[in-house]
Chemist: 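Structure below; questions to follow.
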Amino acid sequence: MALALLEDWCRILSVDDQKSLMVMGIPVDCSEDEIQEVLQETLKPLGRYKLLGKIFRKQENANAVLLELLEDPEVSVIPSKVQGKGGVWKVIFKTPNQDTEFLERLNLFLEKEGQTISGMFRALGHQGLSPAAMPCISPELLAHVLGQVIAHPPPPLLPMRYRKLRVFSGSTVPAPEEEPFEVWLEQATEIVKEWPVAEAEKKRWLMESLRGPALDLMHIVQADNPSISMEECLEAFKQVFGNLETRRTSQVKYLKTYQEEGEKVSAYVLRLETLLRRAVEKRAIPRNIADQIRLEQVMAGASLSEVLWCRLRELKDQGRPPSFLQLMKVIREEEEEEAAFENENTEEPEGGDGYGHWGNEAND
């Protein structure tokens with residue numbers, strides 16, 4: 001990172017990195033006199049400067065030089081590149097507000113994710129960092145930490161805050177901004193399992209999404225048992241607002257679900273999958289034979305073309321039934337083949353009876 005090299009070089013030489021420039025991409029065979037000649041001409045608007053040193057950068061097979069500006073620089077007149085021997089030389093400099101801009105962009109990104117910089121540091125084991133200290137942290141340290149996050153993301157990345165749940169009230173007539181109970185419960189269950197914070201924090205976060213009867217229920221269960229766990233809270237919500245169909249009901253509902261008129265086989269399988277998973281959760285269908293049950297139900301409950309039926313029969317005879325995604329792949333492929341075949345058969349020949357052009361020439 002060029003900016004990091006500039007800052008490190010300035011730190012070693014004890015010079016102000018905001019009053020220094022680094023010029024990169026200088027050919028190795030370029031003498032110091034040639035370098036000075038180019039820089040004196042191109043950097044003239046910046047006033048007096050001092051050449052502090054030169055280093056060879058192996059990755060670029062070129063030299064870089066460090067300059068100290070002896071007058072306060074005007075950022076607007078600093079060129080980003082200069083034309084020198086061998087081509088363009090790149091000019092690296094640090095604006096006075098560059099650190100602030102970096103932190104602002106990082107904060108904006110984290111805010112959209114419902115996170116904070118301090119939370120990110122805590123998640124990675126960097127303790128003792130207060131929000132007031134954040135502006136003093138160098139972009140290089142933040143970049144290093146972000147690199148750690150990308151290479152080895154902790155589970156979860158930043159635990160201090162989490163994305164908000166959509167509102168759930170449990171009202172008979174839900175408002176437009178509210179989620180259906182099953183959708184809300186699925187999201188809440190997934191996040192609660194993965195979020196490594198105290199139970200009290202989880203419950204506080206959960207209550208932020210509740211309104212009306214649902215919020216009343218949360219107050220009731222906590223009053224009855226102040227130490228109630230999040231799992232027990234969600235179980236109470238299932239009992240009050242969830243679908244309480246029995247194992248037998250969920251099993252029968254699945255086995256009596258057939259493809260509807262005009263419905264694609266793939267759409268039927270997708271609709272069927274929701275019922276299958278519900279039946280598995282209620283232990284109405286053993287999880288270890290779910291793939292087999294799915295394939296059998298599709299073959300019994302869908303209107304299959306002869307080709308698709310043969311392909312599914314072949315999969316069944318192999319002894320290892322396909323997973324949901326594997327089954328969907330086979331079905332989608334056949335649907336696309338059938339659609340392409342139908343399009344070919346419905347294309348009309350162009351040019352009327354096919355004789356107009358040649359007939360006119362013959363008449364001439």
Chemist: Judged by atom type as modelled, is there a donor-acceptor pair below 3.5 Å linking the side chain of E296 to the main-chain atoms of I293?
Modeler: no

Chemist: Has Q259 got a side-chain atom pairing as donor or acceptor with A267's backbone, closer than 3.5 angstrom?
Modeler: no

Chemist: Thinking salt bridges, do K238 and E235 make one under a 4.0 Å N-O criterion?
Modeler: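 Here K238 pairs with E235 in a salt bridge, since their nearest N and O are under 4.0 Å apart.
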
Chemist: Could you check whether any side-chain N or O of Q222 sits under 3.5 Å from a backbone N or O of I228, counting only pairs where one atom can act as donor and the other as acceptor?
Modeler: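 Flag not set: sc Q222 to bb I228 has no pair under 3.5 Å.
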
Chemist: Please check if the side chain of R211 supplies one atom and the backbone of E208 the other of a donor-acceptor pair under 3.5 Å.
Modeler: yes

Chemist: Are F324 and K329 packed together at the side-chain level, in the sense that at least one heavy-atom pair is separated by less than 4.5 angstrom?
Modeler: no

Chemist: Say whether E34 and S31, considering side chains only, have a donor N or O and an acceptor N or O under 3.5 Å apart.
Modeler: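 Their side chains do contain a donor-acceptor pair, which is all the 3.5 Å distance test asks for.
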
Chemist: Which hydrophobic side chains are connected to I220, either touching it within the sub-4.5 Å cutoff or through other members that do?
Modeler: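 Noted: I220 shares its cluster with no other residue.
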
Chemist: Does the side chain of E338 pick up a donor-acceptor pair with the side chain of S305 at under 3.5 Å?
Modeler: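 Yes, S305 and E338 have a side-chain donor paired with an acceptor closer than 3.5 Å.
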
Chemist: Does any N or O in the side chain of Q326 come within less than 3.5 Å of the main-chain N or O of S323, such that one atom is a donor and the other an acceptor?
Modeler: yes

Chemist: Before you tell me yes or no, could you show the steps for E41 and K44 under side-chain contact (heavy atoms from CB on, under 4.5 Å), namely the whole-Å CA-CA distance, both residues' side-chain angles and the distance that decides it to 0.1 Å?
Modeler: CA-CA 6 Å; E41 181 63 29; K44 188 179 297 183; 4.0 Å; yes

Chemist: Does some side-chain heavy atom of P322 sit less than 4.5 Å from a side-chain heavy atom of L295?
Modeler: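 Yes, side chains in contact.
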
Chemist: Would you say that K90 contacts V23 through its side chain, given a criterion of any heavy-atom pair below 4.5 Å between the two side chains?
Modeler: no

Chemist: May I ask you to test the M218-F237 pair for a side-chain heavy-atom distance under 4.5 Å?
Modeler: yes

Chemist: Just so I know, are the side chains of E179 and L185 near enough to count as touching, which here means a heavy-atom distance under 4.5 Å?
Modeler: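 Of all side-chain heavy-atom pairs linking L185 with E179, none is under 4.5 Å.
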
Chemist: Ring-plane angle category for F241 and F168, please: parallel below 30°, perpendicular beyond 60°, tilted otherwise.
Modeler: perpendicular

Chemist: Does A284 offer a backbone N or O that forms a donor-acceptor pair with the side chain of Q251 under 3.5 Å?
Modeler: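 Yes, the answer is positive, given that a donor and an acceptor are paired below the 3.5 Å cut-off.
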
Chemist: So that I can tick it off, tell me whether K54 and E32 are bridged by a salt bridge, with the cut-off set at under 4.0 angstrom between side-chain N and carboxylate O.
Modeler: no

Chemist: Is it the case that the side chain of K253 and the backbone of A279 share a donor-acceptor pair, with hydrogens and angles ignored and the cut-off at 3.5 Å?
Modeler: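 Side chain of K253 to backbone of A279: no pair is present.
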
Chemist: Going through the checks in order, is the salt bridge (Lys or Arg N to Asp or Glu O under 4.0 Å) test met by K19 and E71?
Modeler: CA-CA 8 Å; K19 296 187 66 175; E71 301 176 15; over 6 Å; no

Chemist: Apply the test salt bridge (Lys or Arg N to Asp or Glu O under 4.0 Å) to residues E60 and R57: give CA-CA distance (whole Å), side-chain angles for both, the deciding distance (0.1 Å), then the verdict.
Modeler: CA-CA 6 Å; E60 295 179 354; R57 304 196 74 215; 2.8 Å; yes

Chemist: Applying ring pair (Phe, Tyr, Trp, His ring centres under 6.0 Å), name anything that partners Y254, two or more places apart in sequence or on another chain.
Modeler: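 Expected list: none.
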
Chemist: Is a side-chain N or O of Y258 found less than 3.5 angstrom from the main chain of S303, in a donor-acceptor match?
Modeler: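 Absent.
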
Chemist: Show your working on side-chain contact (heavy atoms from CB on, under 4.5 Å) between K50 and L67 and close with a plain yes or no.
Modeler: CA-CA 5 Å; K50 182 192 298 183; L67 310 175; over 6 Å; no

Chemist: Just so I know, are the side chains of F93 and S20 near enough to count as touching, which here means a heavy-atom distance under 4.5 Å?
Modeler: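 A side-chain contact under 4.5 Å is absent here.
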
Chemist: What's the spacing between L234 CG and E186 CD if we round to 0.5 Å?
Modeler: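 The CG atom of L234 sits 12.5 Å away from the CD atom of E186.
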
